[in-house]
Amino acid sequence: MPAITLPDGSQRSFDAPVTGAEVAASIGPGLAKAALAMKLDGKIVDLSTVIAEDAKIIFITRRDEDALEMIRHDCAHVLAEAVQTLFPGTQVTIGPSIENGFYYDFARNEPFTTADFAAIEAKMREIVQRNSPFIRSEQDRDAAIAFFEAKGERFKAELIRDLPGTETISFYSQGEWLDLCRGPHMRSTGDIGGAFKLMKVAGAYWRGDHTKPMLSRIYGTAWRDQKELDAYLRMLEEAEKRDHRRIGKEMNLFHLQEEATGSVFWHPKGWKIYRTAEAYMRRRLEATGYQEVKTPQLVDRALWEASGHWEKYRENMFQAIVEDEDKTLALKPMNCPCHVLIFRQGLRSYRELPMRMAEFGACHRYEPSGALHGIMRVRAFTQDDAHIFCTEDQIASETVQFVALLDSIYKDFGFESFRVKFSDRPEKRAGSDDVWDRAEGALKEACAIAGVDYELNPGEGAFYGPKLEFVLRDAIGRDWQCGTLQVDFVLPERLDAEYVGEDGARHRPVMLHRAILGSFERFLGILIEQYAGRFPLWLAPVQIVVAPIVSDADGYAEEVAAAFKAAGLAVTTDLANAKIQAKIREHSMQHVPVIAVVGRKEAEARTVALRRLGVEAQETLSLDDAVALLAAEAMPPDLKRLRD
RNA sequence: GCCGCUUUAGCUCAGGGGUAGAGCAACCGAUUCGUAAUCGGUAGGUCGUAGGUUCAAUUCCCACAAGCGGCACCA
């Protein structure tokens, strides 16, 4: 006889097994109406689930966050029914809820287009209106397979065939329509409400496998009410305005063009930001005991063969053939083998370890055309790369130091938080299991010491070793790996790096591959989006515009600009024959952090009126004070710390 | 690479089988003005590239390229 404990601690006993719906009804009609599903001992289940034993339950209503996932999953089912009703012959596959919405993958010769959305969405609303209860049923495995095969649903049949034998095969129906589904679902299609919208179509491989057929995927978004949906759509619009490709064009930072697909043409202002970031990184690395090097772009394939890259990544490498020479050179896709070559010059001593070798290394990779994305994913990029040659014992302390450096640098660039993923051994890999055990163990231990919380990313390590990935998110909600730390026992072996130990014998060093920004291109892309183009003063490509109100003040404006320039500030003048309002608007839209306005009064008094981006209030200072103030403010964060 | 969509002036976009249009920007002129658009004028395009259909293609068809959205990939 089940005794049911509610969230407030109260208990209710029943003489016989009851459904969640019955429990809710026994508590009150309000709850009976509001409850969509329940958490039974922590697991979300249908309200129709029969409770036979003592349990803790929490009812889920529209107000709960958990309701979102159910609304989205239910929406996917409704989408599938709508599509099969409107487009007979379309096969269903899978349709999960995802962040912000849901999708459903369909198999159909003719892929869907957004032109189909109006009809599909209308049909979906009809199904929601119909308010059909979701009814769960279970079936015998073979019967289920036969059922779907008879309907011509070969993808569903395949899914069932691949389910573990122990798994119950459950179905959910809504009206006449039925789908294989683990559940749970809400009570009926009406519980979905109206706050959903179809968003986009896309191709997607069956089971995420590029050797399998391409399905037609429809994405939708769904929320608890119209207000949430509207807020989400507004957020997407705002995100679009921050897109680095758009801001890059608006602020004239860079461009991309067909003649050099996947390579960035940096314009003066974009390059200024790049150089500021690079100079900052160089100071941080030098202060942390790194030595900077520079290695060749073109390297003989023999080196890539020795390192193992030729075998695994040849199709992704740009090759340079010179007619007169019987040699194949490749543009380096990474810097590590070259760094090993520097390490191998001369006999190394254990006293030199850890050796931290840094390079702003320009690399080229022939990325698949579909992977290119603005300046975030390109074919030519520069890594803030470094390799730390160390002993196995030093992995932990080097990792701890690295994480501290990365954390400090991300904060200086305005990123307060980031995600860390731990990627362990992939299926295709070099090195023995024993070596992998040690490498993964050392990295895990280092994370524990450094206090790094990570999520496990199984099987996603590099072929030569496990890695930590430091992930930042762009304006559109896409995650990008920026920083990385990879433990490598393999490459030193392959390229025969060694040092003389305390014992006088030769030993293999361990290599830690590490980057903080990852690639400058990607990082600057994310930085543009992070600030929506409104860079802090130290990073802004144009820090100050001096704008005279009348042409009588032009001479003084030039003088003011010269004074700022002498203090190392990036300043321009705007002597255009335009009203001050127009100048303010123009430079505000260009996200210039400070506009120094000078009119007759200022010229007379030798002052400037400073107007900060987006702030109407102005402060009038003497020219000398203004220069001192802004010069101090524009100091990069690391130098500021040194000064203070 | 795969599926779909897109490509027209520097930018944002409209148009459409009879060789193109707007706004902003640019240039010229007037205006000298106190904190997010002063007014007027001028100029600007092989309609992504290459084929095909047609009396005629920027428009229709095919191929390719690049971009966009996903998927796959990401040393």
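Below, chains carry the letters A, B, ... as their sequence lines are ordered, and counting in each starts from 1.
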- Item | Phosphate contact (B/G69 OP1 or OP2) by A/Arg478 side-chain N/O below 4.0 Å |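 Answer yes for this pair, as a side-chain N or O of A/Arg478 is under 4.0 Å from OP1 or OP2.
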
- Task: May I ask you to verify if any side-chain N or O of A/Ser369 is less than 4.0 angstrom from the OP1 or OP2 atom of B/G1?
- Result: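 Checking A/Ser369 against B/G1: at least one side-chain N or O falls below 4.0 Å of OP1 or OP2.
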
Without decimals, in angstroms, what is the distance between [X] [atom1] and [N] [atom2]?
| X | N | atom1 | atom2 | result |
| --- | --- | --- | --- | --- |
| A/Ile584 | B/U38 | CD1 | P | 12 Å |
| A/Glu586 | B/A25 | CD | P | 9 Å |
| A/Glu619 | B/G34 | CD | P | 22 Å |
| A/Arg585 | B/A36 | CZ | P | 11 Å |
| A/Arg365 | B/G1 | CZ | P | 19 Å |
| A/Ile549 | B/U38 | CD1 | C1' | 16 Å |
| A/Lys583 | B/U35 | NZ | C1' | 12 Å |
| A/Met214 | B/G69 | CE | P | 17 Å |

- Please tell me which of the listed nucleotides, B/A36, B/G34, B/U38, lies nearest to the side chain of A/Arg611?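 Side chain of A/Arg611 sits closest to B/A36.
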
- From the list B/A66, B/A75, B/U35, which nucleotide is the closest neighbour of the side chain of A/His309?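 Nearest nucleotide to the side chain: B/A75.
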
- Message: Between A/Thr295 and A/Glu359, do the side chains contain a donor N or O and an acceptor N or O under 3.5 Å apart?
- Response: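 A pair is found: one side chain offers a donor N or O, the other an acceptor, under 3.5 Å apart.
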
- Indicate whether the side chain of A/Tyr454 and that of A/Glu469 have a donor and an acceptor atom separated by less than 3.5 Å.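 No pair is found: no donor N or O on one side chain lies under 3.5 Å from an acceptor on the other.
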
Using purine N1 to pyrimidine N3 plus N6-O4 or O6-N4 for Watson-Crick, or N1-O2 and O6-N3 for G-U wobble, each under 3.5 Å, what pairs with [N]?
| N | result |
| --- | --- |
| B/C71 | B/G1 |
| B/C24 | B/G10 |
| B/A30 | B/U38 |
| B/U19 | none |
| B/C64 | B/G48 |

- Item | Near-ring test A/Phe520/A/Phe381, centroid separation under 6.0 angstrom |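 No: the rings miss the under 6.0 Å criterion.
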
- Task: Record whether the side chain of A/Gln581 comes under 3.5 Å of the base of B/U35 through a donor-acceptor pair of N or O atoms.
- Result: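 Answer is no: no donor-acceptor pair is held.
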
Could you tell me how far [M] sits from [N] if I compare only their [atom1] atoms? Round to whole Å.
| N | M | atom1 | result |
| --- | --- | --- | --- |
| B/A20 | B/U59 | P | 14 Å |
| B/U58 | B/U8 | P | 15 Å |
| B/C47 | B/A9 | C1' | 10 Å |
| B/G48 | B/U6 | P | 13 Å |
| B/A43 | B/G1 | C1' | 45 Å |
| B/A57 | B/G18 | P | 11 Å |
| B/C61 | B/C2 | C1' | 24 Å |
| B/C11 | B/A25 | P | 15 Å |

With heavy atoms under 4.0 Å as the rule, sort [X] into base, sugar-phosphate or nothing.
| X | result |
| --- | --- |
| A/Asn316 | base |
| A/Ala202 | base |
| A/Gly518 | nothing |
| A/Ser551 | base |
| A/Ala609 | base |
| A/Glu602 | base |
| A/Lys312 | nothing |
| A/Met589 | base |
| A/Gln481 | nothing |

- Message: So if I apply the side chain to side chain contact (heavy atoms under 4.5 Å, CB included) rule between A/His339 and each of A/His513, A/Met334, A/Met357, which one comes out positive?
- Response: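 Among A/His513, A/Met334, A/Met357, the one meeting side chain to side chain contact (heavy atoms under 4.5 Å, CB included) with A/His339 is A/Met357.
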
- Message: Applying the 5.5 Å / 30° rule, does A/Tyr464 stack onto the base of B/A75?
- Response: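 No, A/Tyr464 does not stack on the base of B/A75.
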
- Quick one: do A/Arg438 and A/Asp433 make a salt bridge, cutoff under 4.0 Å?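 Judged by the 4.0 Å cut-off on N to carboxylate O distance, A/Arg438 and A/Asp433 do not form a salt bridge.
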
- Got a sec: does the CD of A/Glu305 have more than 12 other heavy atoms crowding it under 6.0 Å?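 Yes, CD of A/Glu305 has more than 12 neighbouring heavy atoms, counting only those of other groups under 6.0 Å.
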
- Nearest nucleotide by nearest heavy atom, which residue falls closer to the 5' end of RNA chain B, A/Arg245 or A/Gly208?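 Between the two, 5'-proximity favours A/Arg245.
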
- Task: May I ask you to establish whether A/Arg72 and A/Phe102 are in a cation-pi arrangement, using a distance under 6.0 Å from NZ or CZ to the six-membered ring centre and at most 45° from the ring axis?
- Result: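 No, a cation-pi geometry is absent between A/Arg72 and A/Phe102.
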
- Validation row: A/Trp480, A/Val471 side chains within 4.5 angstrom (heavy atoms):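 No - every pair of side-chain heavy atoms lies 4.5 Å or more apart.
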
